[in-house]
There are 2 protein chains.
Amino acid sequence: MTDEFFMQQAMREARKAFDAGEVPIGAVVVANNQVIGRGHNQVEMLNDCTAHAEMIALTAAFNYLGSKYLMDATLYVTVEPCLMCAGALYWSKIGRIVYAAPDEKNSYRRATGQTNPFHPKTKLEQGPCTEESLQLMKTFFQQRRN
Amino acid sequence: MTDEFFMQQAMREARKAFDAGEVPIGAVVVANNQVIGRGHNQVEMLNDCTAHAEMIALTAAFNYLGSKYLMDATLYVTVEPCLMCAGALYWSKIGRIVYAAPDEKNSYRRATGQTNPFHPKTKLEQGPCTEESLQLMKTFFQQRRN
């Protein structure tokens, strides 16, 4: 089980969002080589700007484990997290975050600059599927403009 | 209907959290002089570190309005928001945020420093019930240490 495999699971979630007319972002939470939470952006469907892929995947993982901490888990997400999701990931003490595409405009870096908002023990990495995720986002916003 | 009145509603939510053994923070969202969302911290009960008072109150307000934006609403919250909640409030484009007690340790300022994480049109104010909220928090943490 590789980062590539799990990021592909997150990409599958992102494509569900795309097909539903949502900004195409997906996420999975993995522990012990198993997906314990998954989510895709549902902001439009739920009329709720907090319904980001990461928030939904985290809440599913908390429910699965019956724990409010995820020290031994990894979040795979197709786009770099926003400030809200970074704050949620901080509280979760998640072990590792792997994102596919950077997001200069909307990521947490918009407001934190050089400060690391995550838990000191959380590892953050840019992982596989960067081009695939960037392309899906680009296609989505191009279609919206037409 | 004054800020004092609505902050007392948020304090009522905070006392519900206190009585349930949760960190005592409460929030209400108000539009047209009416409470359209309320919430208290339910992190322990739900085993979910994203179940903050503000997140619950925001989601209730989105559901009530059928809208994912809250430009004409005010959030009253008994403790200054954390980074996650600040990020959620940013996305909501909420008109005004009034908080009772500052939080040097856990507020969004932990990671944003001097940068304003909120929407440029959001007004942020420290409002009434500061001492009342600080005292409730202090009592809670003193009891937990005993």
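Below, chain A is the first sequence line, B the second, and so on; all start at residue 1. Atoms considered below: every heavy atom in the structure, side chains included; atoms not considered: hydrogens, waters and symmetry mates.
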key: Spacing of OG1 belonging to B:Thr50 relative to NE2 belonging to A:His52, to within rounding of 0.5 Å   = 13.0 Å
inquiry  = Below 4.5 Å, heavy-atom pairs only: which of A:Asp48, A:Thr112, A:Thr115 has the largest tally toward chain B?
reply    = A:Asp48
ask   = chain A heavy atoms under 4.5 Å from B:Ser67: which part of the residue, side chain, backbone, both or neither?
value = backbone
task = State whether the side chain of B:Asn47 and the backbone N or O of A:Gly66 hold a donor-acceptor pair below 3.5 Å, judged by distance alone.
result = yes
query = Is there side-chain contact between A:Tyr108 and B:Leu83, with at least one heavy-atom pair below 4.5 Å?
reply = no
query = Is any side-chain heavy atom of B:Val43 less than 4.5 Å from a side-chain heavy atom of A:Phe62?
reply = no
Path from [X] to [Y] over hydrophobic side-chain contacts below 4.5 Å:
X: B:Met7; Y: B:Val79; result: no
X: A:Val29; Y: A:Met84; result: no
X: A:Phe141; Y: A:Leu134; result: no
X: A:Leu89; Y: A:Tyr64; result: yes
X: A:Ile56; Y: A:Leu75; result: no

task = Using a cut-off of 6.0 Å, state whether more than 12 heavy atoms not belonging to A:Asp19 lie near its atom CG.
result = yes
query = How about B:Asn33: does its CG atom have over 12 heavy atoms from other parts shown lying under 6.0 Å from it?
reply = yes
key: Interchain contact, A:Tyr90 with chain B, by part (heavy-atom threshold 4.5 Å)   = side chain
query = Considering only heavy atoms, which portion of A:Leu65 lies under 4.5 Å from any heavy atom of chain B: side chain, backbone, both, or neither?
reply = neither
task = Could you tell me which non-hydrogen atom of B:Lys68 sits nearest to which non-hydrogen atom of A:Cys49, and how far apart they are?
result = O-SG, 3.8 Å
